[in-house]
Peer 1: 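Before I ask anything, let me first share the structure, which is written out below as structure tokens.
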Amino acid sequence: MKDAVAALFERALDQLIADNIINSVDRKPVHIENTRDPAHGDLATNVAMMHAKAAQIAPRALAEKLIEHLPASEAIEAVEIAGPGFINVRLAKGAAFEPVVRCLTERDQFGLHPTTKERVQVEYVSANPTGPLHVGHGRGAAYGATLVNLLKARGHQVEAEYYVNDAGRQMNILAVSVYLRYLETTGEAIVFPSAGYQGQYIAELGDTLHDNTGNSIAIAFHDLIKDVTPDSETTKDAHIDGLIQSAKEALGDRWNLPFNLALHSILEDIQDDLSEFGANFDQWFREKSLVTSGEIDQAIATLEARGYLFEKGGALWFRSTDFGDDKDRVVRRDNGETTYFASDIAYIANKFSRGFDRIIYVWGADHHGYIVRIKAAAEALGFDPERLTIRLVQFAILYKEGERLQMSTRSGSFVTLRELRDDVGRDACRYFYVMRKADQHLDFDLSLATSQTKDNPVYYIQYAHARICRVLEGLNETPFDEAHGLNHLTELTTQDELDLATAVGRFPEVVKKASDSLEAHLICYYLQELAADFHRWYNGTRLLVDDLQVRDARLALATAVQIVIRNGLDLLGVSAPRSM
RNA sequence: GCGCCUGUAGCUCAACCGGAUAGAGCAACGGCCUUCUAAGCCGUAGGUUGCAGGUUCGAUUCCUGCCAGGCGUGCCA
């Protein structure tokens with residue numbers, strides 16, 4: 001409806017331009033907005049004020065001219081000028097319930113937009129496969145998954161991807177941690193490195209390794225540690241690197257056994273976890289593939305050829321300062337190893353080579369220092385950095401009964417995503433994680449998330465849906481005739497009913513805005529408002545009345561609300577229960 | 001030090017790319033169940049939008065400075 005009205009005003013603008021009242025270079029697009037105050041009609045536009053200055057005409061006078069040239073439309077009942085030059089539009093009575101008709105026609109397609117040709121990639125979570133996902137990853141997972149849904153609803157062709165860091169030093173640390181726990185199960189007395197991975201799951205993997213291989217890959221701990229730098233606060237990195245080196249030499253090819261066991265079982269755990277959370281991926285992209293395919297070397301060669309690399313202190317540097325970075329970045333260390341950043345460069349080249357029109361990264365907010373350099377890399381490789389979007393997700397702070405939950409990754413006593421899901425359920429998790437703007441801190445109140453009251457927005461919205469379902473199921477001998485209801489929508493006369501129909505009509509534009517701005521929380525706010533409108537109506541108006549025309553009209557409206565809630569919750573990955 | 005983000009009711013947050021009288025929920029107070037789920041609804045109260053300037057018809061929104069908080073700032077991953 002907004003679009004239709006906007007089109008009318010565009011035509012009026014055409015006319016004023018044709019009449020030389022407005023210069024075509026000064027033209028600005030018509031923006032139609034919903035009014036807040038019913039006294040201002042249904043829709044309003046500031047188009048007259050926007051053009052008044054350039055046209056050198058008083059806003060209200062210009063508004064008058066616009067209205068003069070506004071094409072006639074059945075949908076519009078009245079147009080008036082108000083305030084400093086707003087043009088308020090009052091829609092015809094019949095038009096107010098048009099969204100209900102549309103919603104019942106389109107059903108689960110209602111709110112979706114036409115397919116575009118745009119190919120979008122969303123990469124999210126991408127946590128190192130060195131341990132189970134924790135609650136910090138949960139928000140990125142919920143936000144990314146919702147983003148994928150929103151972009152699809154917008155009509156884009158979307159691919160979801162998880163970047164698996166299976167080639168870095170952290171993986172070696174993981175593997176050596178598992179190997180040491182394995183040695184313990186063979187009866188070796190070991191001293192666990194302070195920089196190793198601590199969690200219980202490491203010991204379990206050590207057990208599994210022992211089950212698989214027996215004592216066949218065991219070596220004496222004192223041999224392993226013989227030439228290794230001692231462990232201390234300042235040398236713990238050298239210590240663990242030494243252990244890795246020593247284990248690799250001792251095991252040869254069999255180093256793959258702890259390495260692959262750890263990688264595969266943890267990755268599998270992450271995959272199950274995300275799948276149960278409703279966060280789905282089309283592609284699990286391996287960092288290692290960039291190594292084996294030679295893409296890292298290739299990317300470095302490309303930067304070299306373009307003159308963005310230089311050598312200093314035995315290392316190879318990328319001159320990212322040419323693109324606004326604070327300092328230049330190393331891509332190959334003096335020991336010959338490429339850095340993590342080098343992989344990132346190759347990865348972004350790989351993404352662009354796959355032909356995406358838009359590439360979206362969802363990162364934890366602690367990575368914000370990387371934005372400039374990754375964009376710099378894209379630009380240096382000759383890609384358009386405008387096609388690259390990086391969205392940051394702030395951490396969620398967990399509260400339980402008003403107390404902040406302390407999280408310590410050091411001791412391995414973090415709360416896992418799985419524990420959180422077991423505790424509050426998938427629906428509340430998915431909803432709470434995205435209910436606030438992604439780049440803002442989020443207070444995640446566990447007590448609230450599990451409470452079954454109207455204070456809990458998830459229950460509040462789901463309850464509205466369940467109420468509608470129960471009404472529709474609770475019919476007596478005369479079944480609900482939807483077409484009959486749609487033919488008698490004029491029986492809906494109260495302000496509550498008008499408000500509700502208007503709210504239904506807003507859904508498609510909310511989806512559009514949420515998708516275009518990548519702001520998933522807008523869906524949450526919208527659904528809460530819709531549910532509130534419904535509860536208010538339901539409380540004051542009996543739906544199952546004897547007059548079948550009235551009854552079916554009300555049931556049609558209720559069905560529209562039911563559909564919108566279901567579609568909206570679906571975007572969020574939250575279920576819409578039929579009864580509660 | 002430098003860079004990014006944030007500052008709106010007592011609390012948690014909105015505010016439709018600059019619009020009309022800044023809105024919800026919680027907490028507080030007062031009402032509503034013989035009727036489709038009270039897991040709900042209605043009402044009252046609550047504000048110098050961190051501070052000071054600037055841009056213009058109009059600023060919570062854009063610009064500058066200051067104050068406060070968060071995060072980042074490795075030949076780490």
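It should be emphasised that the depicted structure is a prediction, and the values quoted were computed from it without experimental measurement.
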Peer 1: Give one of base, sugar-phosphate or nothing for Asp334(A), where a contact means two heavy atoms less than 4.0 Å apart.
Peer 2: base

Peer 1: Compute the centroid of each ring, for Tyr538(A) and then for Phe534(A), and state whether the two points are separated by less than 6.0 Å.
Peer 2: yes

Peer 1: Step through it carefully: locate the ring centre of Tyr162(A), locate the ring centre of Tyr124(A), and say whether they are under 6.0 Å apart.
Peer 2: no

Peer 1: Side chains of residues 362-373 of chain A: which donor-acceptor partners sit under 3.5 Å, not counting sequence neighbours?
Peer 2:
residue   : atom : partner   : partner atom : Å
His368(A) : ND1  : Ala365(A) : O            : 3.3

Peer 1: Are any of the side-chain nitrogens in Arg551(A) or Asp547(A) under 4.0 Å away from the carboxylate oxygens of its partner?
Peer 2: no

Peer 1: With rounding to whole Å, what would you report as the distance between U8(B) and G47(B) at their C1' atoms?
Peer 2: 8 Å

Peer 1: Indicate, with a heavy-atom threshold strictly under 4.0 Å, whether Asn88(A) touches base, sugar-phosphate, or nothing.
Peer 2: base

Peer 1: Taking the side chain of Ala44(A) as heavy atoms from C-beta outward, which of C75(B), A20(B), C76(B) is closest to it?
Peer 2: A20(B)

Peer 1: How do Asp328(A) and His40(A) order along RNA chain B: which one's closest nucleotide is nearer the 5' end?
Peer 2: His40(A)

Peer 1: Looking just at side-chain N and O atoms, do Trp537(A) and Glu497(A) make a donor-acceptor pair shorter than 3.5 Å?
Peer 2: yes

Peer 1: When all nucleic acid strands are considered with a 4.0 Å heavy-atom cut-off, which category describes Gln170(A): base, sugar-phosphate, or nothing?
Peer 2: sugar-phosphate

Peer 1: Let me know the distance between CZ of Arg60(A) and C1' of G58(B), rounded to the nearest Å.
Peer 2: 15 Å

Peer 1: Would you mind building the protein contact string for nucleotides 25-37 of chain B? One character per nucleotide, 5' to 3', B for base within reach (heavy atoms under 4.0 Å), S for sugar-phosphate only, - for untouched.
Peer 2: SS--------SBB

Peer 1: Roughly how far apart, to the nearest Å, are U64(B) and G18(B) at atom P?
Peer 2: 16 Å

Peer 1: So Lys312(A), base contact, sugar-phosphate only, or nothing? Heavy-atom distance under 4.0 Å.
Peer 2: base

Peer 1: Would you measure the distance from the P atom in C26(B) across to the matching atom in U34(B) and give it in whole Å?
Peer 2: 24 Å

Peer 1: Can you tell me, in whole Å, how much space there is between the P of C66(B) and that of G43(B)?
Peer 2: 46 Å

Peer 1: For Arg536(A) and C41(B), give me the distance from atom CZ to atom P, rounded to whole Å.
Peer 2: 8 Å

Peer 1: Expressed in whole Å, how much space separates the C1' atoms belonging to G50(B) and G69(B)?
Peer 2: 11 Å

Peer 1: In dot-bracket form, 5' to 3', how is RNA chain B paired? Count Watson-Crick and G-U wobble pairs only if both distances fall under 3.5 Å, and write | where the partner sits on another strand.
Peer 2: (((((((..((((.....[...)))).(((((.......))))).....(((((..]....))))))))))))....

Peer 1: Given the side-chain rings of Tyr399(A) and Phe444(A), with only the six-membered ring counted for Trp, is the space between their centroids under 6.0 Å?
Peer 2: no

Peer 1: In whole angstrom, give me the gap between the P atoms of U61(B) and U55(B).
Peer 2: 15 Å

Peer 1: Tell me if C62(B) is syn or anti. Syn = glycosidic torsion within 90° of 0, anti otherwise.
Peer 2: anti

Peer 1: Any side-chain N or O of Lys327(A) below 4.0 angstrom from OP1/OP2 of C75(B)?
Peer 2: yes

Peer 1: Hydrogens and angles aside, do Thr130(A) and Gln170(A) bring a side-chain donor and acceptor to less than 3.5 Å of each other?
Peer 2: no

Peer 1: Hey, does Met49(A) reach any base, or is it just sugar-phosphate, or nothing, if we go heavy atoms under 4.0 Å?
Peer 2: base

Peer 1: Do we see Phe86(A) stacking on the base of G19(B), given a limit of 5.5 Å between centres and 30° between planes?
Peer 2: no

Peer 1: Figure out the CZ/C1' separation between Arg506(A) and A15(B), and round it to whole Å.
Peer 2: 11 Å

Peer 1: Return yes if a side-chain donor-acceptor contact under 3.5 Å exists between Glu287(A) and Asn165(A), otherwise no.
Peer 2: yes

Peer 1: Whole angstroms only, please: what is the CD-C1' distance between Glu519(A) and A15(B)?
Peer 2: 12 Å

Peer 1: Could you tell me the separation between the NZ atom of Lys28(A) and the P atom of C57(B), rounded to a whole number of Å?
Peer 2: 12 Å

Peer 1: Any donor-acceptor pair under 3.5 Å linking the side-chain atoms of Gln495(A) with those of Asp499(A)?
Peer 2: yes

Peer 1: Can you find a donor-acceptor pair, distance only, under 3.5 Å between Asn46(A) side chain and G19(B) base?
Peer 2: yes

Peer 1: Do any side-chain nitrogens or oxygens of Arg333(A) fall under 4.0 Å of OP1 or OP2 in C76(B)?
Peer 2: yes

Peer 1: Need one value for Ala52(A): base, sugar-phosphate or nothing, where a base atom within 4.0 Å counts as base even if backbone is also close, heavy atoms only.
Peer 2: nothing

Peer 1: Rounded to whole Å, how long is the line connecting atom CE of Met50(A) with atom P of G18(B)?
Peer 2: 9 Å

Peer 1: Sorted by first residue and then second, give each salt bridge (Lys or Arg N to Asp or Glu O under 4.0 Å) pair with at least one member in residues 41-52 of chain A; sequence neighbours left out.
Peer 2: none

Peer 1: What integer distance in Å separates Lys53(A):NZ from U55(B):P?
Peer 2: 12 Å

Peer 1: Report the distance from atom NE2 of His521(A) to atom P of U12(B), rounded to the nearest whole Å.
Peer 2: 17 Å

Peer 1: If you look at every strand shown and take non-hydrogen atoms under 4.0 Å, does Gly85(A) touch a base, only sugar-phosphate, or nothing?
Peer 2: nothing

Peer 1: Would you kindly check whether a donor in the side chain of Asp237(A) faces an acceptor in the base of A77(B), or vice versa, at under 3.5 angstrom?
Peer 2: no

Peer 1: What contact category does Leu316(A) fall into here, base, sugar-phosphate, or nothing, at under 4.0 angstrom with non-hydrogen atoms?
Peer 2: nothing

Peer 1: What distance, rounded to whole Å, do you find between the two C1' atoms, one in A9(B) and one in A28(B)?
Peer 2: 13 Å

Peer 1: Which part of the nucleic acid, if any, lies within reach of Ala464(A) when heavy atoms closer than 4.0 Å are counted: base, sugar-phosphate only, or nothing?
Peer 2: nothing

Peer 1: Between Glu337(A) (side chain only) and Arg332(A) (backbone N and O only), is there a donor and an acceptor less than 3.5 Å apart?
Peer 2: no

Peer 1: For the backbone of Ala167(A) and the side chain of Arg286(A), can you confirm whether one donor and one acceptor N or O come within less than 3.5 Å of each other?
Peer 2: no

Peer 1: Could you verify whether a donor N or O on one side chain and an acceptor N or O on the other, from Arg358(A) and Thr389(A), lie under 3.5 Å apart?
Peer 2: yes

Peer 1: Between U37(B) and G19(B), how far is it from one P atom to the other, in whole Å?
Peer 2: 43 Å

Peer 1: Looking for any heavy atom pair under 4.0 Å, which part of the strands does His441(A) touch: base, sugar-phosphate only, or nothing?
Peer 2: sugar-phosphate

Peer 1: Is it true that the side chains of His40(A) and Arg90(A) contain a donor and an acceptor less than 3.5 Å apart?
Peer 2: no

Peer 1: Taking the side chain of Pro84(A) as heavy atoms from C-beta outward, which of U73(B), U12(B), G19(B) is closest to it?
Peer 2: G19(B)

Peer 1: Using heavy-atom distances to pick each residue's nearest nucleotide on RNA chain B, tell me which of Leu442(A) and Asp344(A) is more 5'.
Peer 2: Leu442(A)

Peer 1: Distances under 3.5 Å only, N/O to N/O: pair up the protein atoms with those of nucleotides 1-7 of chain B.
Peer 2:
residue : atom : partner   : partner atom : Å
G3(B)   : N2   : His368(A) : NE2          : 2.5

Peer 1: Which pairs count as salt bridge (Lys or Arg N to Asp or Glu O under 4.0 Å) when at least one residue sits in residues 513-526 of chain A, sequence neighbours excluded?
Peer 2: Arg154(A)-Asp516(A)

Peer 1: Counting side-chain heavy atoms from CB outward, which of A15(B), C17(B), C41(B) is closest to Lys437(A)?
Peer 2: A15(B)

